[in-house]
**Q** 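Below you'll find the structure I mean.
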Amino acid sequence: MKLQERLGGIQRKKYRTVKFNDHDLEVYLPTRSEMKELMDKLKKPPQELIDAEYQQLITSLWEFCSPEDDGIEVVGDDVKVQGVSMRTTARYKAITKMREIAMISLVGFKEGDDLFALSYEDISETLSEVEITELVKSIESVVNPDYEQTKKN
C-alpha cells in the first residue's frame with residue numbers, strides 16, 4: 001500500500017507563500033529526497049566556480065598586501081592568510097552562492113525545472129546583498145522549518 005492511500009488521498013502541499021518586499025511569493029516545497037539531492041550538489045560546487053572565487057579573493061588580497069607581508073604564506077597553488085587557506089575560503093564562498101541560487105530558484109519553481117537555472121549575476125543585478133540574505137532566510141524557514149534550530153547547534 002502506498003503512503004498516498006494510507007493518508008486517504010491527501011495530496012502533499014507543494015507550495016507555500018512567503019512575504020518579501022510587500023509581495024507574496026510562491027515557494028516550492030521540495031520533498032525530502034529532492035532536498036537531499038540539492039544538499040549533495042551543494043557539497044561539491046563546480047571547480048570553475050571555486051577557481052573564479054579564488055581569483056577574486058587573490059586579486060583583492062594583492063591590492064592591499066604582498067606575498068612578503070607577515071601572516072601571508074604562498075604554498076603551492078594556494079595562499080594562506082594567517083593560516084587560513086584562500087582555496088578553502090573560495091570553496092565556502094562558492095557553496096554559499098550555490099545555496100543562494102538554489103533557494104531563490106525555489107520561488108516560482110515547477111517540478112522538472114533546474115534548481116541552478118538562475119545565475120548569481122542575474123540575482124545580484126536584481127536584488128541587493130541585504131535583500132538576497134533576507135529572501136534566502138525567508139525561503140529556508142519555509143522549506144526547512146528546523147533550519148534555525150539546526151543552525152544554533
Side-chain angles (χ1 to χ4, degrees), residues 11-67 71-153:
Q11 297 293 315
R12 86 172 178 91
K13 190 171 183 177
K14 293 184 180 183
Y15 297 93
R16 186 157 296 155
T17 303
V18 296
K19 275 248 188 253
F20 178 71
N21 285 354
D22 299 325
H23 294 283
D24 290 333
L25 302 177
E26 200 170 73
V27 176
Y28 177 73
L29 301 174
T31 62
R32 182 171 281 196
S33 61
E34 288 171 328
M35 200 63 177
K36 182 185 179 322
E37 183 180 328
L38 172 62
M39 292 300 129
D40 289 345
K41 283 183 181 179
L42 292 180
K43 289 177 189 174
K44 300 173 191 149
Q47 190 60 46
E48 303 82 43
L49 182 57
I50 295 171
D51 291 343
E53 290 297 326
Y54 179 78
Q55 287 305 316
Q56 189 175 19
L57 283 170
I58 295 303
T59 300
S60 296
L61 177 68
W62 295 147
E63 285 179 20
F64 300 102
C65 304
S66 72
I72 296 180
E73 180 183 0
V74 177
V75 182
D77 67 343
D78 195 5
V79 175
K80 292 186 178 186
V81 178
Q82 296 181 344
V84 177
S85 163
M86 291 296 100
R87 288 229 175 257
T88 300
T89 302
R91 182 176 180 277
Y92 288 130
K93 284 187 71 172
I95 289 170
T96 299
K97 276 188 175 181
M98 287 183 60
R99 189 181 107 259
E100 290 172 346
I101 291 168
M103 290 297 118
I104 292 173
S105 293
L106 291 174
V107 174
F109 182 83
K110 303 293 182 224
E111 289 181 272
D113 286 353
D114 179 9
L115 271 176
F116 297 99
L118 292 176
S119 70
Y120 193 79
E121 290 73 25
D122 183 40
I123 293 169
S124 61
E125 285 175 8
T126 307
L127 302 171
S128 70
E129 284 298 317
V130 171
E131 290 173 317
I132 292 170
T133 302
E134 183 181 311
L135 181 55
V136 168
K137 186 176 181 179
S138 297
I139 293 168
E140 284 178 334
S141 71
V142 168
V143 171
N144 190 1
D146 295 334
Y147 175 74
E148 289 300 322
Q149 289 300 320
T150 304
K151 188 175 169 184
K152 288 179 188 176
N153 295 331

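Only this structure's heavy atoms are used, side chains among them; waters, hydrogens and symmetry mates stay out.
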**Q** I'd like to know whether Val107 forms a side chain to side chain contact (heavy atoms under 4.5 Å, CB included) with Glu26, so could you lay out the CA-CA distance, the side-chain angles of the two residues, the decisive distance to 0.1 Å, and finally the verdict.
**A** CA-CA 6 Å; Val107 174; Glu26 200 170 73; over 6 Å; no
**Q** Supply the atom-to-atom distance Ser141 OG to Lys137 NZ, rounded to the nearest 0.5 angstrom.
**A** 8.5 Å
**Q** Just do the side chain to side chain contact (heavy atoms under 4.5 Å, CB included) check on Tyr54 and Val79 with the steps written out, would you?
**A** CA-CA 10 Å; Tyr54 179 78; Val79 175; 3.7 Å; yes
**Q** Do Ile101 and Ile123 touch side chain to side chain, with heavy atoms closer than 4.5 Å?
**A** yes
**Q** Does anything in residues 107-136 form a ring-ring contact (aromatic ring centres under 6.0 Å, His included)? List the pairs, not counting sequence neighbours.
**A** Tyr28-Phe109
**Q** Check whether any side-chain N or O of Asp78 sits under 3.5 Å from a backbone N or O of Val75 as a donor-acceptor pair, and report yes or no.
**A** no
**Q** Quick one: CD1 on Ile58 to CD on Glu63, what's the gap to the nearest 0.5 Å?
**A** 12.0 Å
**Q** Would one find more than 12 heavy atoms of other residues, nucleotides or ligands at under 6.0 Å from atom CD of Gln82?
**A** no
**Q** Got a donor-acceptor contact below 3.5 angstrom from the Glu131 side chain to the Ser128 backbone?
**A** yes
**Q** Quick one: do Arg99 and Glu140 make a salt bridge, cutoff under 4.0 Å?
**A** yes
**Q** To the nearest 0.5 Å, how far apart are OG in Ser105 and CG in Asp113?
**A** 9.0 Å
**Q** How far does CD of Glu100 sit from CG of Leu127, to the nearest 0.5 angstrom?
**A** 10.5 Å
**Q** Determine which pairs satisfy salt bridge (charged side-chain N to carboxylate O under 4.0 Å, His left out) with at least one residue from residues 48-62, sequence neighbours left out, and list them in order.
**A** Asp51-Arg87, Glu53-Lys93, Glu53-Lys97
**Q** Can you tell me how far CZ of Arg32 sits from CG of Asn144, rounded to the nearest 0.5 angstrom?
**A** 9.5 Å
**Q** Walk me through it: do Lys80 and Ile72 pass the test side chain to side chain contact (heavy atoms under 4.5 Å, CB included)?
**A** CA-CA 6 Å; Lys80 292 186 178 186; Ile72 296 180; over 6 Å; no
**Q** Please find the pair of heavy atoms, one from Ala90 and one from Leu57, that lie closest to each other, and give the distance.
**A** N-CD1, 3.7 Å
**Q** Considering non-hydrogen atoms only, spot the tightest contact between Lys13 and Leu29 and give its length.
**A** O-CD1, 3.6 Å
**Q** Can you tell me how far apart CG (Leu106) and CG (Leu118) are? Round to the nearest 0.5 Å.
**A** 10.0 Å
**Q** So, for Ile139 and Met103, which heavy atoms are closest and what is the spacing to 0.1 Å?
**A** CD1-O, 3.3 Å
**Q** Let me check something: any side-chain donor-acceptor pairs from residues 37-44 under 3.5 Å, sequence neighbours excluded? List them with distances.
**A**
| residue | atom | partner | partner atom | Å |
| --- | --- | --- | --- | --- |
| Asp40 | OD2 | Lys36 | NZ | 3.0 |

**Q** Of all heavy-atom pairs between Ser124 and Ile132, which one has the smallest distance, and what is that distance?
**A** CA-CD1, 4.2 Å
**Q** Could you check if a side-chain atom of Leu135 sits within less than 4.5 angstrom of a side-chain atom of Leu25, using non-hydrogen atoms only?
**A** yes
**Q** Mark yes or no for whether Glu34, through its side chain, and Thr31, through its backbone, hold a donor-acceptor pair below 3.5 Å.
**A** yes
